[in-house]
Protein chains: 2
Amino acid sequence: MKIGEASRLSGCHIETIRYYERVGILSPTVRSESGYRCYADHHIQQLRFILHARELGFSVDDIRELLSLKEQPDLSCQAVDSITDKHLHGIRNRIKYLESLARELRRISASCPGGDIAECRILEALGNSSD
Amino acid sequence: MKIGEASRLSGCHIETIRYYERVGILSPTVRSESGYRCYADHHIQQLRFILHARELGFSVDDIRELLSLKEQPDLSCQAVDSITDKHLHGIRNRIKYLESLARELRRISASCPGGDIAECRILEALGNSSD
DNA sequence: CTTAAAGTCTGTAATCGCTACAGAGTCAAG
DNA sequence: CTTGACTCTGTAGCGATTACAGACTTTAAG
């Protein structure tokens, strides 16, 4: 099948499919006489895997590694767990960071009486280095 | 003062200072005979404002607007509030999104018995389109 | 006075994960 | 036979920096 159908079946944009091939997480395809990429079922499977992993926020590098591990069924899945844990850890850190930002913004915003710019506490707070 | 001292006083990297000038959120400087940038106190103030706003996650475009509003003390600070609220909203949405990712990752991760890759439920879950 | 080190300049490329073209070629239907 | 849909490659853009290379200037020490 050609890239258009692969796109419809996998849910990946055409340009993204070509991108995944370029960065080496999607296996290269056979080419037709005219140079069109020809996709097989396993490509669709791969694309769905990639898409789902991306939806869960895994990086392309993580996915490369996950796909490579997938090819070695006899290995312990500890490496997979480790990638997942690291990723989860990263997400939790980002959440904590964003929560602290939100708290701080809320605090600053609440302190502003809402009159003229001259008395705006938000701008004032931004002007002061560490408050 | 030259860029090195401006960097030390403001806490911005030298290259970042030049970048802020290039994108137009830091006022251009007078140049010395040899072409070195000469910074005054108000540049340091501006840099601290920018740095703090960036720490709170405001975009460069937001900052450009905040700085421009700051120059008009007679205006209502409603525009400032609006930028801040929008930003806070964006952060809260990102938090929600990351929390849903974390829940899903946790769920998938917990379902894995931890043996061989062949039985790894994480890889299995990633392979299945919508679960 | 010379030389070495530290500072500064401009311009360009890299980061990440796509997305969006331009311009050319291919294929199927009417 | 032509129109339109599809595909190709290659390149540039996004955002906010960071990281050079290669050239120039200034400062401090010997």
Side-chain angles (χ1 to χ4, degrees), chain A residues 1-26 28-39 43 46-67 83 86-87 90-91 94 97-98 101, chain B residues 1-26 28-39 43 46-67 83 86-87 90-91 94 97-98 101:
Chain A
M1 85 192 79
K2 284 180 289 187
I3 200 167
E5 197 178 348
S7 169
R8 274 187 294 280
L9 288 182
S10 67
C12 285
H13 290 158
I14 288 177
E15 330 235 311
T16 309
I17 295 176
R18 288 196 281 245
Y19 168 73
Y20 287 154
E21 182 188 328
R22 200 163 67 246
V23 299
I25 58 176
L26 179 63
T29 58
V30 171
R31 295 295 184 113
S32 76
E33 266 184 34
S34 52
Y36 286 12
R37 291 171 178 81
C38 301
Y39 293 90
H43 287 111
Q46 250 179 353
L47 279 172
R48 286 192 178 139
F49 183 98
I50 294 169
L51 192 61
H52 199 187
R54 284 293 304 133
E55 280 167 2
L56 287 171
F58 285 102
S59 71
V60 164
D61 280 350
D62 282 345
I63 294 173
R64 204 192 320 274
E65 191 139 2
L66 288 173
L67 283 167
I83 293 172
K86 215 163 97 186
H87 180 43
I91 289 176
R94 264 189 289 163
Y97 172 68
L98 290 175
L101 283 197
Chain B
M1 84 193 79
K2 285 180 288 186
I3 200 167
E5 197 179 349
S7 169
R8 274 186 295 280
L9 289 181
S10 67
C12 284
H13 290 158
I14 287 176
E15 330 236 310
T16 310
I17 295 177
R18 287 196 281 245
Y19 167 73
Y20 287 155
E21 182 188 328
R22 201 163 66 246
V23 299
I25 58 176
L26 180 63
T29 58
V30 173
R31 295 295 184 113
S32 75
E33 266 184 35
S34 53
Y36 285 12
R37 291 169 179 83
C38 301
Y39 294 89
H43 287 111
Q46 249 178 353
L47 279 172
R48 286 192 177 138
F49 183 97
I50 294 168
L51 193 62
H52 199 188
R54 285 292 304 132
E55 280 168 2
L56 287 170
F58 285 102
S59 71
V60 164
D61 280 351
D62 283 345
I63 294 173
R64 204 191 321 276
E65 192 139 3
L66 289 173
L67 283 167
I83 293 173
K86 215 162 95 186
H87 181 44
I91 289 176
R94 265 188 287 163
Y97 171 68
L98 290 175
L101 284 196

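Computation of the quantities below employed the complete heavy-atom set of this structure, encompassing side-chain atoms and omitting hydrogens, waters and symmetry-equivalent molecules.
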Between [atom1] on residue [X] and [atom2] on residue [Y], distance to nearest 0.5 Å:
X: A:L9; Y: A:H43; atom1: CG; atom2: NE2; value: 13.5 Å
X: A:I17; Y: A:Y39; atom1: CD1; atom2: OH; value: 5.5 Å
X: A:L47; Y: A:Y20; atom1: CG; atom2: OH; value: 8.0 Å
X: B:L26; Y: B:I50; atom1: CG; atom2: CD1; value: 5.0 Å
X: A:Q46; Y: A:I63; atom1: CD; atom2: CD1; value: 11.0 Å
X: B:D62; Y: B:L56; atom1: CG; atom2: CG; value: 11.5 Å

### Query
Counting only N and O atoms by type, is there a donor-acceptor contact under 3.5 Å from the side chain of A:R18 to the main-chain atoms of A:I3?
no
Spacing of [X] atom [atom1] relative to [N] atom [atom2], expressed in whole Å:
X: A:L51; N: C:dG17; atom1: CG; atom2: P; result: 14 Å
X: B:I14; N: C:dC9; atom1: CD1; atom2: C1'; result: 11 Å
X: B:E21; N: D:dA16; atom1: CD; atom2: P; result: 18 Å
X: B:R94; N: D:dG15; atom1: CZ; atom2: P; result: 14 Å
X: B:I17; N: C:dT10; atom1: CD1; atom2: P; result: 14 Å
X: A:I63; N: C:dC16; atom1: CD1; atom2: P; result: 13 Å
X: B:K2; N: D:dT26; atom1: NZ; atom2: P; result: 8 Å
X: B:I50; N: D:dT17; atom1: CD1; atom2: C1'; result: 14 Å

Check this one for me: any side-chain N or O of [X] less than 4.0 Å away from OP1 or OP2 of [N]?
X: B:R18; N: C:dT10; answer: no
X: A:R31; N: D:dT9; answer: yes
X: A:H13; N: C:dT19; answer: yes

Any idea which of [options] is nearest the [X] side chain?
X: B:I3; options: D:dC8, C:dC18, C:dT8; answer: C:dT8
X: A:Y19; options: D:dA16, C:dC18, D:dC8; answer: C:dC18
X: A:T16; options: C:dC18, C:dT8, D:dT7; answer: C:dC18
X: A:R54; options: C:dG17, C:dC21, D:dC20; answer: C:dG17
X: A:S59; options: D:dC8, D:dT17, C:dG17; answer: C:dG17
X: A:E15; options: C:dA20, D:dC8, D:dA16; answer: C:dA20

### Task
Might you confirm whether atom CD of B:E65 has over 12 heavy atoms from other residues, nucleotides or ligands at distances under 6.0 Å?
no
### Message
Need one value for B:R37: base, sugar-phosphate or nothing, where a base atom within 4.0 Å counts as base even if backbone is also close, heavy atoms only.
### Response
sugar-phosphate
### Task
Tell me what A:F58 touches on the nucleic acid: a base, only sugar-phosphate, or nothing, going by heavy atoms under 4.0 Å.
nothing
## Note on the structure
Assign each of B:D61 and B:E33 the nucleotide of DNA chain D bearing its closest heavy atom; nearer the 5' end lies the nucleotide of B:D61
### Query
When the nearest nucleotide of DNA chain C is assigned to B:R22 and to B:G4 on a heavy-atom basis, which residue is associated with the more 5' position?
B:G4
Write out a two-atom table: protein N or O, nucleotide N or O from nucleotides 24-26 of chain C, distance below 3.5 Å.
{"unit_1": "C:dG25", "atom_1": "N2", "unit_2": "A:Y36", "atom_2": "OH", "d": "3.0"}
{"unit_1": "C:dT26", "atom_1": "O4'", "unit_2": "A:Y36", "atom_2": "OH", "d": "3.3"}
{"unit_1": "C:dT26", "atom_1": "O3'", "unit_2": "A:S34", "atom_2": "OG", "d": "3.4"}

